[in-house]
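As structure tokens, the structure follows; a few thoughts come after it.
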Amino acid sequence: MGRWDRRNFGKAHDSIVTNVVERIQAAAKHLGIDGDVVPFGSHTNTLCNANSDCDVTFVPREDVWGEAALHILKLIAQELPSHGFKSIIHIFQASIPIIKAIDPGGVEVDLCIGNHLGIHNSRLVAAYCQLDRRVGEVCRLVKQWAKSEELVSISDGHLTSYAYTLLTLYFLMKSSPPLLPNLQDLAFGSGHDSVAVVDRKWGQKMTWECKFWEDVELLPKSLNVDSSEKLLRGFFRFYTEEFDWSTHAVCVRLATPKQDVSKFNLAAPATKEGWFIEDPFDLRHNLASNCIKEGRQRILARMAEALRLLEEGGLQAFHSYRSSKKSKFMLKCRIHVEKVSVEDFKSTITTSTNLKDAFDLHFPSSATRNKEVADAFIIFKSKESQRQVHELNERMIGEWQLRLMPCSTWALQDALAAGEYQHLEVAPKISTKPENVADQVRNGYRSATSIAEVKQLIELARSNDLKYEEQLGLKRLKQLESSGQAPSSALATPAKPTSEDEAESRAAYQ
């Protein structure tokens, strides 16, 4: 046990976080943006595994939000390739805009701006994990189970990974005897100093109290001696047989061993049918508000099945079943069927990427036109292909902007039950002379005299997966931009990429 922040950090995960933070910090410094890169999420609360994303937020020295925060995020996104990051995905239209990228070590990184509440949420979870090793063990088992069942996605009407963590913490506070105390309640009862955090997620300035008892080494050990396996069985039994979803809330902030929390007495609106999982600090945030009826039914059904496996065969049967689940690589995209044809959609994917494998496409048929907007679904053979197409997010097809997001087979199943779809197998575009394209891009940089020309060549390099040619273009772009975007007549003899530049960029991607 110990204080929440560093004591239990595994060395491997610590180095992963450190490398990511240093690279993004260097990118911000190069741009002249003053602030700190702060990690949060599973890599800072001991709940990560080998495949976990690394969540980081850039906290500017000056308080920024809205368009100003988005502008900083866009600048950093443009700079990241110069610091070794690749496969940049822009998700600027989300409630919390982010960019996704892969660092030189292959770690998937999610970056946002000024997510103060995310930092404090991670601190709270880390403190609970410090209290007892079984907390982290049960949390990880629940999260891994949810992921294997494809139940982690609010866009599909399920729950976030963080929501499953809160479900677990709440259960461990309600277990008999309780495995966990209420750290927020202890802080309020002991006169701890206020930890006020300002947030504007809801479109207005709001201040949330984020204090909790941090000196976990001073707390007595729980009298609960149950194994992690028994606690996991208790978790699934609690939410399928004991918890009253129609009247009660999962509320870590107010949890006590004996008393339940009414969801109708909390800050966010509630209905009898809907689930309620309160954010411990942002009291207006119900993490289950987007969990639809079908999603709730699926979660409870898969929980009941998990409980059956554990009761009949223990953890071995539970793990065997979970490991038998094959990973799915899918994206869905909202499509206006009057504005985007299936041919335009196929063409955009095949001509703007360098896919090696065919993919399956489920596209809303003309019979779905009474809906106007429906989801198209793409099923890939590999995560690499999924990621490559995801990079097209927020690109325009005519006057329609693509909003691509990972999804589950459950989402496709629901869509097929609700409307008619045409199913196509789409072959990848065959590139017969990739070397000629690389030559074309490099020669184009040498003769380019405008920023627009260079940007066009960078897009060509990206669409052909020419990483070092893309890097050359980004350097060339900086040269032109540093000249103050002078008119083409003033750029008659610009500095052009040298053979040394090309060698350096090539080495970085070999």
Tell me whether Gln144 contacts the main-chain N or O of Cys139 through its side chain, where contact means a donor paired with an acceptor under 3.5 Å.
no
Could you walk me through whether Leu254 and Leu266 pass side-chain contact (heavy atoms from CB on, under 4.5 Å), step by step?
CA-CA 10 Å; Leu254 299 176; Leu266 300 177; 4.0 Å; yes
When you look at CD of Glu399, are more than 12 heavy atoms from neighbouring residues, nucleotides or ligands closer to it than 6.0 Å?
no
Just by modelled atom types, is the Lys211 backbone N or O under 3.5 Å from a matching donor or acceptor in the Glu209 side chain?
yes
Strictly by ring pair (Phe, Tyr, Trp, His ring centres under 6.0 Å), give each pair with a member in residues 268-310 just once, sequence neighbours left out.
Trp245-Trp275
Can Glu149 and Lys325 be counted as an ion pair, charged N to O under 4.0 angstrom?
yes
Listed once per pair and sorted, the side-chain hydrogen bond (donor to acceptor under 3.5 Å, both in side chains) pairs that draw on residues 172-186, sequence neighbours left out
Lys174-Asp260
How about Met330 and Thr409: do any of their side-chain heavy atoms sit closer than 4.5 Å?
yes
How long is the straight-line distance from CZ of Phe85 back to CG of Leu111, given to the nearest 0.5 Å?
8.5 Å
Residues Glu305, Arg308: salt bridge by 4.0 Å N-O rule:
yes
Full working for side-chain contact (heavy atoms from CB on, under 4.5 Å) between Arg387 and Glu108
CA-CA 11 Å; Arg387 179 113 193 171; Glu108 296 188 19; 3.4 Å; yes
Asn19 and Val107, any side-chain heavy atoms less than 4.5 Å apart
no
For His248, all residues meeting ring-ring contact (aromatic ring centres under 6.0 Å, His included), sequence neighbours excluded
none
Using ring-ring contact (aromatic ring centres under 6.0 Å, His included) as the criterion, list what pairs up with Phe171, not counting sequence neighbours.
Phe238
Within residues 236-246 or reaching into it, pairs that qualify as salt bridge (Lys or Arg N to Asp or Glu O under 4.0 Å) - sequence neighbours excluded:
Arg237-Glu311
In Å and rounded to the nearest 0.5 Å, what is the CZ to OG1 distance from Arg302 to Thr240?
12.5 Å
Inter-residue atom distance Gln316.CD - Leu310.CG, 0.5 Å rounding:
12.0 Å
Rounded to the nearest 0.5 Å, what separation is found between the CZ atom of Arg134 and the OG atom of Ser228?
7.0 Å
Under a 4.0 Å N-O cut-off, is there an ion pair linking Asp156 with Lys332?
yes
Would you kindly say whether Ser408 and Glu150 are connected by a side-chain donor-acceptor distance under 3.5 Å?
no
Going by atom type alone, with no hydrogens or angles, which donor-acceptor pairs under 3.5 Å involve a side-chain atom of residues 88-99 and a protein atom two or more places apart or on another chain?
none

So ring pair (Phe, Tyr, Trp, His ring centres under 6.0 Å) across residues 97-130, not counting sequence neighbours, yields none
Lys147 atom NZ, neighbour heavy-atom count above 12 within 6.0 Å:
no
Inspect the surroundings of CG in Leu283 and state if more than 12 heavy atoms from other residues, nucleotides or ligands are less than 6.0 Å away.
yes
So, Arg322 versus Ser148: side-chain donor-acceptor pair below 3.5 Å or not?
no
Could you walk me through whether Val64 and His71 pass the side-chain contact (heavy atoms from CB on, under 4.5 Å) test, one step at a time?
CA-CA 10 Å; Val64 297; His71 178 65; over 6 Å; no
Least distance between heavy atoms, Leu186 atom then Pro181 atom:
CD1-CB, 4.1 Å
Interatomic distance, CG@Leu402 vs CZ@Arg334, rounded to 0.5 Å, equals 13.5 Å
One thing to verify: whether Glu79 and Lys478 come together as a salt bridge, which I'm taking to mean a side-chain N less than 4.0 angstrom from a carboxylate O.
yes
Whether Tyr164 side chain and Leu151 backbone form a donor-acceptor pair below 3.5 Å:
yes
In terms of side-chain geometry, is the basic nitrogen of Glu459 or Arg462 positioned less than 4.0 Å from the acidic oxygen of its partner?
yes
No-hydrogen, no-angle side-chain donor-acceptor test under 3.5 Å, Ser42 and Lys143:
no
Enumerate the residue pairs fulfilling salt bridge (Lys or Arg N to Asp or Glu O under 4.0 Å) with a member in residues 261-280, sequence neighbours excluded, ordered by first and then second residue.
Arg253-Glu278
The criterion is salt bridge (charged side-chain N to carboxylate O under 4.0 Å, His left out); which residues satisfy it with Arg140, sequence neighbours excluded?
none
Would you say Arg296's side chain and Cys291's backbone share a donor-acceptor pair under 3.5 angstrom?
yes
Closest non-hydrogen atom pair, Ala126 against Thr44:
CB-O, 3.8 Å
Taking ring-ring contact (aromatic ring centres under 6.0 Å, His included) as the test, write out the residues that go with Phe235, two or more places apart.
Tyr239
Does the pair Lys86/Glu470 count as a salt bridge with the N-to-O cut at 4.0 Å?
no
Is a donor on one side and an acceptor on the other found under 3.5 Å between the side chain of Asp110 and the backbone of Asp55?
no
Shortest non-hydrogen pair, Pro177 vs Leu223, comes out as CG-C, 3.7 Å
Side chains of Phe377 and Cys407, heavy atoms from C-beta outward: is any pair under 4.5 Å?
yes
Residues Val37 and Val21: closest non-hydrogen pair is O-CG1, 3.6 Å
Side chain proximity check, Val109 to Ile24, heavy atoms < 4.5 angstrom
yes
Sorted by first residue and then second, give each salt bridge (Lys or Arg N to Asp or Glu O under 4.0 Å) pair with at least one member in residues 199-208; sequence neighbours left out.
Asp63-Arg200, Lys201-Asp282
Heavy-atom donor-acceptor pair, Ser82 side chain to Ala27 backbone, under 3.5 Å
no
Nearest atoms (heavy-atom pairs only) where Ser222 meets Pro178:
OG-O, 2.8 Å
Looking at residues at least two apart in the chain, or sitting in another chain, which of them share a ring-ring contact (aromatic ring centres under 6.0 Å, His included) with His336?
Trp400
Report yes if some heavy atom in the side chain of Asp132 is under 4.5 Å from a heavy atom in the side chain of Asn224; otherwise report no.
no
Whether Tyr170 and Phe243 hold their rings parallel, tilted or perpendicular, with breakpoints at 30° and 60°
perpendicular
Between CG of Leu141 and CZ of Phe236, what distance do you get to the nearest 0.5 Å?
8.0 Å
Intermediate values then yes/no, side-chain contact (heavy atoms from CB on, under 4.5 Å), Gln386 and Leu331:
CA-CA 7 Å; Gln386 179 197 43; Leu331 292 173; 3.9 Å; yes
salt_bridge(Glu229, Arg233) N-O dist < 4.0 Å
yes
Is a donor on one side and an acceptor on the other found under 3.5 Å between the side chain of Thr57 and the backbone of Gly114?
yes
To check you understand the geometry: which heavy-atom pair defines the closest contact between Cys112 and Asn115, and what is its length?
SG-CB, 3.5 Å
